[in-house]
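Have a look at the structure below, then the notes.
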Number of protein chains: 2
Amino acid sequence: MPDPDLRRELRALPETDPAIDRLVEQIIGRVADKWTMLLIEILTEHDCCRFGELARLCPGISQKMLTQTLRALECDGLVTRTVYPVVPPRVEYRLTDLGLGLAKAFCGVWLWAEANRERIEAARAAYAAGRDPVTPPGS
Amino acid sequence: MPDPDLRRELRALPETDPAIDRLVEQIIGRVADKWTMLLIEILTEHDCCRFGELARLCPGISQKMLTQTLRALECDGLVTRTVYPVVPPRVEYRLTDLGLGLAKAFCGVWLWAEANRERIEAARAAYAAGRDPVTPPGS
DNA sequence: CAGAATCCCGTTGGATACTG
DNA sequence: CAGTATCCAACGGGATTCTG
(Lines give C-alpha, C1' and ligand atoms only; values in the text may rest on other atoms or scores of the structure.)
Protein backbone atom coordinates (compact mmCIF):
# COMPACT_ATOMS: atom_id res chain seq x y z
CA MET A 1 0.00 0.00 0.00
CA PRO A 2 1.54 3.30 -1.09
CA ASP A 3 2.55 5.76 1.56
CA PRO A 4 -0.55 7.77 2.48
CA ASP A 5 1.46 10.70 3.86
CA LEU A 6 3.29 11.28 0.63
CA ARG A 7 0.03 11.12 -1.20
CA ARG A 8 -1.55 13.67 1.07
CA GLU A 9 1.45 15.92 0.63
CA LEU A 10 1.10 15.80 -3.13
CA ARG A 11 -2.61 16.48 -3.04
CA ALA A 12 -2.04 19.52 -0.89
CA LEU A 13 -0.23 21.22 -3.76
CA PRO A 14 -1.61 24.54 -4.93
CA GLU A 15 -4.09 23.04 -7.37
CA THR A 16 -5.24 24.67 -9.65
CA ASP A 17 -7.23 26.81 -11.96
CA PRO A 18 -8.28 24.63 -14.91
CA ALA A 19 -7.54 27.37 -17.43
CA ILE A 20 -4.06 27.88 -16.05
CA ASP A 21 -3.61 24.12 -16.00
CA ARG A 22 -3.91 23.90 -19.74
CA LEU A 23 -1.16 26.42 -20.18
CA VAL A 24 1.04 24.69 -17.66
CA GLU A 25 0.49 21.38 -19.41
CA GLN A 26 1.45 23.01 -22.65
CA ILE A 27 4.65 24.31 -21.13
CA ILE A 28 5.42 20.88 -19.73
CA GLY A 29 4.78 19.31 -23.10
CA ARG A 30 7.11 21.73 -24.78
CA VAL A 31 9.85 21.36 -22.26
CA ALA A 32 9.64 17.65 -21.52
CA ASP A 33 11.40 16.76 -24.71
CA LYS A 34 14.53 14.74 -25.27
CA TRP A 35 16.67 17.35 -27.02
CA THR A 36 15.40 20.18 -24.89
CA MET A 37 16.45 18.40 -21.74
CA LEU A 38 19.85 17.46 -23.11
CA LEU A 39 20.56 20.97 -24.34
CA ILE A 40 19.57 22.47 -21.03
CA GLU A 41 21.84 20.06 -19.27
CA ILE A 42 24.72 20.90 -21.60
CA LEU A 43 24.16 24.62 -21.17
CA THR A 44 24.11 24.15 -17.44
CA GLU A 45 27.58 22.71 -17.58
CA HIS A 46 29.08 24.98 -20.27
CA ASP A 47 27.50 28.29 -19.56
CA CYS A 48 28.15 29.66 -23.01
CA CYS A 49 28.19 27.72 -26.28
CA ARG A 50 28.40 28.35 -29.97
CA PHE A 51 26.15 26.51 -32.40
CA GLY A 52 28.82 24.08 -33.51
CA GLU A 53 29.88 23.37 -29.96
CA LEU A 54 26.36 22.40 -29.03
CA ALA A 55 26.20 20.11 -32.04
CA ARG A 56 29.35 18.35 -30.87
CA LEU A 57 28.30 18.21 -27.24
CA CYS A 58 24.93 16.75 -28.13
CA PRO A 59 25.77 13.58 -30.04
CA GLY A 60 23.14 12.33 -32.39
CA ILE A 61 21.20 15.54 -32.79
CA SER A 62 20.60 16.69 -36.34
CA GLN A 63 21.29 20.25 -37.31
CA LYS A 64 17.62 20.73 -37.98
CA MET A 65 16.55 19.66 -34.52
CA LEU A 66 19.33 21.67 -32.93
CA THR A 67 18.18 24.85 -34.63
CA GLN A 68 14.56 24.10 -33.96
CA THR A 69 15.06 23.30 -30.29
CA LEU A 70 17.26 26.34 -29.71
CA ARG A 71 14.65 28.58 -31.32
CA ALA A 72 11.95 27.20 -29.06
CA LEU A 73 14.16 27.71 -26.01
CA GLU A 74 14.88 31.25 -27.09
CA CYS A 75 11.21 31.91 -27.76
CA ASP A 76 10.27 30.79 -24.27
CA GLY A 77 12.96 32.94 -22.72
CA LEU A 78 15.03 30.01 -21.50
CA VAL A 79 18.16 30.82 -23.47
CA THR A 80 19.60 33.95 -24.99
CA ARG A 81 20.96 34.01 -28.50
CA THR A 82 23.71 36.52 -29.18
CA VAL A 83 24.84 37.21 -32.71
CA TYR A 84 28.22 38.83 -33.26
CA PRO A 85 28.29 40.65 -36.58
CA VAL A 86 31.59 39.22 -37.70
CA VAL A 87 32.64 36.96 -40.49
CA PRO A 88 32.52 34.07 -40.21
CA PRO A 89 29.38 34.36 -38.09
CA ARG A 90 29.61 33.76 -34.37
CA VAL A 91 26.47 32.98 -32.36
CA GLU A 92 26.45 32.24 -28.68
CA TYR A 93 23.79 30.55 -26.60
CA ARG A 94 23.43 30.93 -22.87
CA LEU A 95 20.83 29.91 -20.30
CA THR A 96 18.78 32.67 -18.74
CA ASP A 97 17.79 32.64 -15.09
CA LEU A 98 14.48 31.22 -16.19
CA GLY A 99 16.23 28.39 -17.98
CA LEU A 100 18.46 27.77 -15.02
CA GLY A 101 15.37 27.52 -12.83
CA LEU A 102 13.95 24.87 -15.14
CA ALA A 103 17.20 22.97 -15.02
CA LYS A 104 17.00 22.94 -11.28
CA ALA A 105 13.38 21.83 -11.29
CA PHE A 106 14.17 18.96 -13.62
CA CYS A 107 16.96 17.80 -11.38
CA GLY A 108 14.36 16.18 -9.18
CA VAL A 109 13.25 13.92 -12.01
CA TRP A 110 16.80 13.21 -13.02
CA LEU A 111 17.76 12.25 -9.52
CA TRP A 112 14.65 10.14 -9.16
CA ALA A 113 15.51 8.27 -12.36
CA GLU A 114 19.04 7.64 -11.15
CA ALA A 115 17.97 6.61 -7.69
CA ASN A 116 15.28 4.24 -8.93
CA ARG A 117 16.90 2.93 -12.04
CA GLU A 118 17.48 -0.51 -10.60
CA ARG A 119 13.96 -0.84 -9.30
CA ILE A 120 12.61 0.06 -12.71
CA GLU A 121 14.84 -2.40 -14.48
CA ALA A 122 13.78 -5.08 -12.01
CA ALA A 123 10.12 -4.23 -12.59
CA ARG A 124 10.59 -4.49 -16.34
CA ALA A 125 12.27 -7.86 -16.03
CA ALA A 126 9.47 -9.13 -13.82
CA TYR A 127 6.87 -7.78 -16.22
CA ALA A 128 8.52 -9.45 -19.19
CA ALA A 129 8.89 -12.72 -17.32
CA GLY A 130 5.38 -12.72 -15.91
CA ARG A 131 3.57 -12.75 -19.21
CA ASP A 132 3.66 -15.90 -21.30
CA PRO A 133 1.89 -14.97 -24.50
CA VAL A 134 2.82 -18.36 -25.88
CA THR A 135 2.97 -21.75 -24.26
CA PRO A 136 6.60 -22.53 -23.44
CA PRO A 137 8.06 -25.38 -25.46
CA GLY A 138 9.12 -28.67 -23.96
CA SER A 139 5.65 -29.96 -23.17
CA MET B 1 23.60 37.53 -15.98
CA PRO B 2 22.42 34.20 -14.59
CA ASP B 3 22.98 33.47 -10.95
CA PRO B 4 26.41 31.86 -10.63
CA ASP B 5 25.61 30.17 -7.31
CA LEU B 6 22.67 28.27 -8.73
CA ARG B 7 24.81 27.24 -11.63
CA ARG B 8 27.51 25.93 -9.37
CA GLU B 9 24.93 24.05 -7.37
CA LEU B 10 23.63 22.32 -10.47
CA ARG B 11 27.08 21.41 -11.68
CA ALA B 12 27.84 19.81 -8.35
CA LEU B 13 25.24 17.14 -9.01
CA PRO B 14 26.40 13.53 -8.88
CA GLU B 15 27.37 13.29 -12.54
CA THR B 16 27.69 10.63 -13.92
CA ASP B 17 28.62 7.30 -15.41
CA PRO B 18 28.04 7.57 -19.16
CA ALA B 19 26.61 4.06 -19.39
CA ILE B 20 24.14 4.73 -16.62
CA ASP B 21 23.34 8.06 -18.20
CA ARG B 22 21.98 6.40 -21.29
CA LEU B 23 19.61 4.34 -19.21
CA VAL B 24 18.54 7.34 -17.20
CA GLU B 25 17.91 9.30 -20.36
CA GLN B 26 15.82 6.45 -21.63
CA ILE B 27 13.76 6.46 -18.47
CA ILE B 28 13.32 10.21 -18.73
CA GLY B 29 12.25 9.85 -22.32
CA ARG B 30 9.70 7.26 -21.42
CA VAL B 31 8.32 9.16 -18.50
CA ALA B 32 8.46 12.72 -19.77
CA ASP B 33 5.43 12.21 -21.93
CA LYS B 34 2.18 14.12 -22.05
CA TRP B 35 -0.22 11.31 -21.23
CA THR B 36 2.09 9.69 -18.74
CA MET B 37 2.32 12.90 -16.75
CA LEU B 38 -1.40 13.49 -16.85
CA LEU B 39 -2.24 9.96 -15.78
CA ILE B 40 0.22 10.09 -12.93
CA GLU B 41 -1.31 13.34 -11.79
CA ILE B 42 -4.80 11.89 -11.98
CA LEU B 43 -3.77 8.80 -10.07
CA THR B 44 -2.15 10.99 -7.47
CA GLU B 45 -5.48 12.65 -6.83
CA HIS B 46 -7.76 9.61 -7.17
CA ASP B 47 -5.73 6.87 -5.65
CA CYS B 48 -7.66 4.12 -7.38
CA CYS B 49 -9.27 4.24 -10.81
CA ARG B 50 -11.01 1.96 -13.24
CA PHE B 51 -10.21 2.08 -16.93
CA GLY B 52 -13.31 4.03 -17.86
CA GLU B 53 -12.80 6.49 -15.05
CA LEU B 54 -9.32 7.29 -16.28
CA ALA B 55 -10.67 7.80 -19.76
CA ARG B 56 -13.16 10.32 -18.42
CA LEU B 57 -10.67 12.05 -16.15
CA CYS B 58 -8.17 12.42 -18.95
CA PRO B 59 -10.04 14.39 -21.61
CA GLY B 60 -8.81 14.00 -25.13
CA ILE B 61 -6.93 10.77 -24.67
CA SER B 62 -7.81 8.01 -27.08
CA GLN B 63 -8.53 4.56 -25.77
CA LYS B 64 -5.50 3.30 -27.62
CA MET B 65 -3.13 5.72 -25.91
CA LEU B 66 -4.75 5.11 -22.56
CA THR B 67 -4.15 1.39 -22.79
CA GLN B 68 -0.67 1.85 -24.16
CA THR B 69 0.37 4.36 -21.53
CA LEU B 70 -1.08 2.31 -18.69
CA ARG B 71 0.78 -0.77 -19.93
CA ALA B 72 4.04 1.13 -19.99
CA LEU B 73 3.44 2.45 -16.50
CA GLU B 74 2.65 -1.04 -15.28
CA CYS B 75 5.72 -2.43 -17.01
CA ASP B 76 7.98 0.08 -15.28
CA GLY B 77 6.44 -0.68 -11.93
CA LEU B 78 4.82 2.72 -11.56
CA VAL B 79 1.23 1.51 -11.35
CA THR B 80 -0.43 -1.74 -10.39
CA ARG B 81 -3.18 -3.26 -12.47
CA THR B 82 -5.70 -5.36 -10.59
CA VAL B 83 -8.19 -7.50 -12.48
CA TYR B 84 -11.32 -8.68 -10.68
CA PRO B 85 -12.65 -11.86 -12.27
CA VAL B 86 -16.22 -10.69 -12.47
CA VAL B 87 -18.55 -9.93 -15.28
CA PRO B 88 -18.60 -7.31 -16.55
CA PRO B 89 -14.84 -6.99 -16.10
CA ARG B 90 -13.51 -4.66 -13.44
CA VAL B 91 -9.88 -3.47 -13.60
CA GLU B 92 -8.33 -1.05 -11.16
CA TYR B 93 -5.21 1.03 -11.50
CA ARG B 94 -3.22 2.44 -8.62
CA LEU B 95 0.12 4.18 -8.23
CA THR B 96 2.89 2.24 -6.56
CA ASP B 97 5.37 3.88 -4.20
CA LEU B 98 7.72 4.13 -7.14
CA GLY B 99 5.09 5.96 -9.14
CA LEU B 100 4.32 8.22 -6.23
CA GLY B 101 8.00 9.06 -5.97
CA LEU B 102 8.02 10.07 -9.61
CA ALA B 103 4.94 12.19 -9.08
CA LYS B 104 6.76 13.98 -6.30
CA ALA B 105 9.87 14.48 -8.40
CA PHE B 106 7.83 15.96 -11.20
CA CYS B 107 6.18 18.38 -8.86
CA GLY B 108 9.26 20.55 -9.10
CA VAL B 109 8.73 21.00 -12.82
CA TRP B 110 5.03 21.52 -12.38
CA LEU B 111 5.58 24.18 -9.76
CA TRP B 112 8.25 25.81 -11.86
CA ALA B 113 5.87 25.95 -14.82
CA GLU B 114 3.14 27.48 -12.68
CA ALA B 115 5.45 29.94 -11.00
CA ASN B 116 7.01 31.10 -14.26
CA ARG B 117 4.06 30.88 -16.55
CA GLU B 118 3.70 34.61 -16.85
CA ARG B 119 7.36 35.17 -17.55
CA ILE B 120 7.23 32.57 -20.30
CA GLU B 121 4.14 34.07 -21.84
CA ALA B 122 5.79 37.48 -21.73
CA ALA B 123 8.92 36.07 -23.35
CA ARG B 124 6.86 34.53 -26.12
CA ALA B 125 5.02 37.74 -26.75
CA ALA B 126 8.29 39.65 -26.92
CA TYR B 127 9.75 37.03 -29.24
CA ALA B 128 6.77 37.15 -31.57
CA ALA B 129 6.63 40.93 -31.52
CA GLY B 130 10.17 41.78 -32.36
CA ARG B 131 13.38 39.93 -32.74
CA ASP B 132 16.44 41.94 -33.45
CA PRO B 133 17.72 39.76 -36.24
CA VAL B 134 21.00 41.58 -35.99
CA THR B 135 22.72 43.25 -33.10
CA PRO B 136 21.44 46.82 -33.06
CA PRO B 137 24.23 49.09 -34.28
CA GLY B 138 24.29 52.77 -33.44
CA SER B 139 21.47 53.48 -35.84
C1' DC C 1 30.29 29.13 -39.35
C1' DA C 2 25.47 29.20 -38.64
C1' DG C 3 21.76 28.38 -40.49
C1' DA C 4 17.48 27.84 -44.27
C1' DA C 5 15.17 24.90 -47.52
C1' DT C 6 13.87 20.58 -49.46
C1' DC C 7 12.97 15.77 -49.68
C1' DC C 8 11.44 11.67 -47.65
C1' DC C 9 10.52 7.95 -44.63
C1' DG C 10 9.33 5.88 -40.10
C1' DT C 11 6.73 6.37 -36.11
C1' DT C 12 2.93 8.22 -33.54
C1' DG C 13 -1.49 8.36 -32.60
C1' DG C 14 -6.61 8.96 -33.79
C1' DA C 15 -10.90 6.63 -35.55
C1' DT C 16 -13.34 2.64 -36.14
C1' DA C 17 -14.77 -2.07 -35.68
C1' DC C 18 -14.66 -6.35 -33.23
C1' DT C 19 -14.32 -9.65 -28.81
C1' DG C 20 -14.42 -12.08 -24.11
C1' DC D 1 -16.63 -3.01 -19.31
C1' DA D 2 -12.10 -3.35 -20.79
C1' DG D 3 -9.79 -4.12 -23.85
C1' DT D 4 -7.50 -5.96 -29.01
C1' DA D 5 -6.95 -5.35 -34.05
C1' DT D 6 -6.71 -2.74 -38.19
C1' DC D 7 -6.34 1.07 -41.14
C1' DC D 8 -4.67 5.51 -42.21
C1' DA D 9 -3.39 10.51 -41.79
C1' DA D 10 -0.18 13.66 -39.64
C1' DC D 11 3.92 14.81 -37.81
C1' DG D 12 8.69 14.31 -36.34
C1' DG D 13 12.91 14.20 -37.57
C1' DG D 14 17.17 12.54 -40.46
C1' DA D 15 20.02 13.33 -44.71
C1' DT D 16 21.28 16.37 -48.07
C1' DT D 17 21.88 20.63 -50.49
C1' DC D 18 22.25 25.64 -50.74
C1' DT D 19 23.41 30.57 -48.84
C1' DG D 20 25.09 35.03 -46.40
Side-chain angles (χ1 to χ4, degrees), chain A residues 25-26 28-40 42-43 46 48-76 79-94 127 130-135, chain B residues 25-26 28-39 42-43 46 48-76 79-94 127 131-137:
Chain A
E25 283 169 20
Q26 186 211 342
I28 300 275
R30 183 126 163 201
V31 132
D33 158 78
K34 180 185 177 186
W35 298 126
T36 301
M37 292 313 308
L38 288 176
L39 287 177
I40 286 184
I42 290 171
L43 284 171
H46 296 75
C48 182
C49 281
R50 300 183 57 174
F51 187 87
E53 280 183 273
L54 287 173
R56 259 174 285 110
L57 291 168
C58 197
I61 196 172
S62 67
Q63 174 254 36
K64 176 179 175 178
M65 289 314 296
L66 180 54
T67 301
Q68 190 171 304
T69 306
L70 285 171
R71 286 293 186 284
L73 287 171
E74 185 195 2
C75 171
D76 290 350
V79 308
T80 58
R81 175 171 179 273
T82 310
V83 181
Y84 296 89
V86 297
V87 34
R90 176 185 188 88
V91 180
E92 288 183 352
Y93 294 90
R94 180 186 299 263
Y127 184 86
R131 298 179 47 214
D132 313 57
V134 191
T135 313
Chain B
E25 281 171 21
Q26 186 211 341
I28 299 275
R30 184 126 162 201
V31 131
D33 157 79
K34 180 185 177 186
W35 299 126
T36 301
M37 291 312 309
L38 288 176
L39 287 176
I42 290 170
L43 284 170
H46 297 74
C48 183
C49 282
R50 300 182 57 171
F51 187 87
E53 280 183 272
L54 288 172
R56 258 173 286 112
L57 291 169
C58 196
I61 196 172
S62 67
Q63 172 255 36
K64 176 180 176 179
M65 289 313 297
L66 180 53
T67 301
Q68 193 171 303
T69 306
L70 285 171
R71 287 292 186 282
L73 287 171
E74 185 194 3
C75 170
D76 290 350
V79 308
T80 59
R81 175 171 180 274
T82 309
V83 181
Y84 296 89
V86 297
V87 33
R90 177 186 189 86
V91 180
E92 288 183 351
Y93 295 90
R94 180 186 299 261
Y127 184 87
R131 297 175 48 205
D132 320 274
V134 191
T135 313

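Lettering of chains follows the sequences in order, A, B, ..., and the numbering in each one begins at 1. Excluded from the calculations below are hydrogen atoms, water molecules and symmetry mates; all remaining heavy atoms, backbone and side chain alike, are included.
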Hey, does the side chain of [X] come within less than 4.0 Å of [N]'s phosphate (OP1/OP2), counting only N and O?
X	N	value
A:Arg50	C:dA2	yes
B:Arg56	D:dC1	no
A:Arg81	C:dA2	no

(message) For a side chain to side chain contact (heavy atoms under 4.5 Å, CB included) check, start with the C-alpha distance between A:Cys75 and A:Arg30, then their side-chain angles and the critical distance, and finish with the verdict.
(response) CA-CA 11 Å; A:Cys75 171; A:Arg30 183 126 163 201; 3.7 Å; yes
Separation of [X] atom [atom1] from [N] atom [atom2], in whole Å?
X	N	atom1	atom2	result
A:Leu66	D:dG13	CG	P	13 Å
B:Glu53	D:dG3	CD	P	13 Å
B:Arg71	D:dA2	CZ	P	12 Å
A:Leu70	C:dA2	CG	C1'	11 Å
A:Leu54	C:dA2	CG	P	9 Å

(request) Assess whether side chain to side chain contact (heavy atoms under 4.5 Å, CB included) is satisfied between B:Ile61 and B:Leu54, documenting all intermediate values. (result) CA-CA 9 Å; B:Ile61 196 172; B:Leu54 288 172; over 6 Å; no
(request) Nearest 0.5 Å please: distance from the CG atom of A:Leu38 over to the CE atom of A:Met65. (result) 11.5 Å
(message) Within this structure, what is the CD-CZ distance for the pair B:Glu74 and B:Arg94, rounded to the nearest 0.5 Å?
(response) 14.5 Å
[Y] side chain reached by [X] side chain, heavy atoms, under 4.5 Å:
X	Y	value
B:Phe51	B:Thr67	yes
A:Leu66	A:Cys58	no
A:Ile40	A:Leu73	yes
A:Tyr127	B:Arg71	yes
A:Cys49	A:Leu43	yes

(request) Give each stem of DNA chain C as a range with a range, requiring at least 3 consecutive Watson-Crick or G-U wobble pairs whose two distances are under 3.5 Å. (result) C:1-20 with D:1-20
(request) Starting at the 5' end of nucleotides 9-20 of chain C, put B wherever the base has a protein heavy atom under 4.0 Å, S where only the sugar-phosphate does, and a dash everywhere else. (result) ----BB-----B
(request) Classify the nucleic acid contact of B:Tyr84 as base, sugar-phosphate or nothing, counting any heavy atom under 4.0 Å across all strands shown. (result) nothing
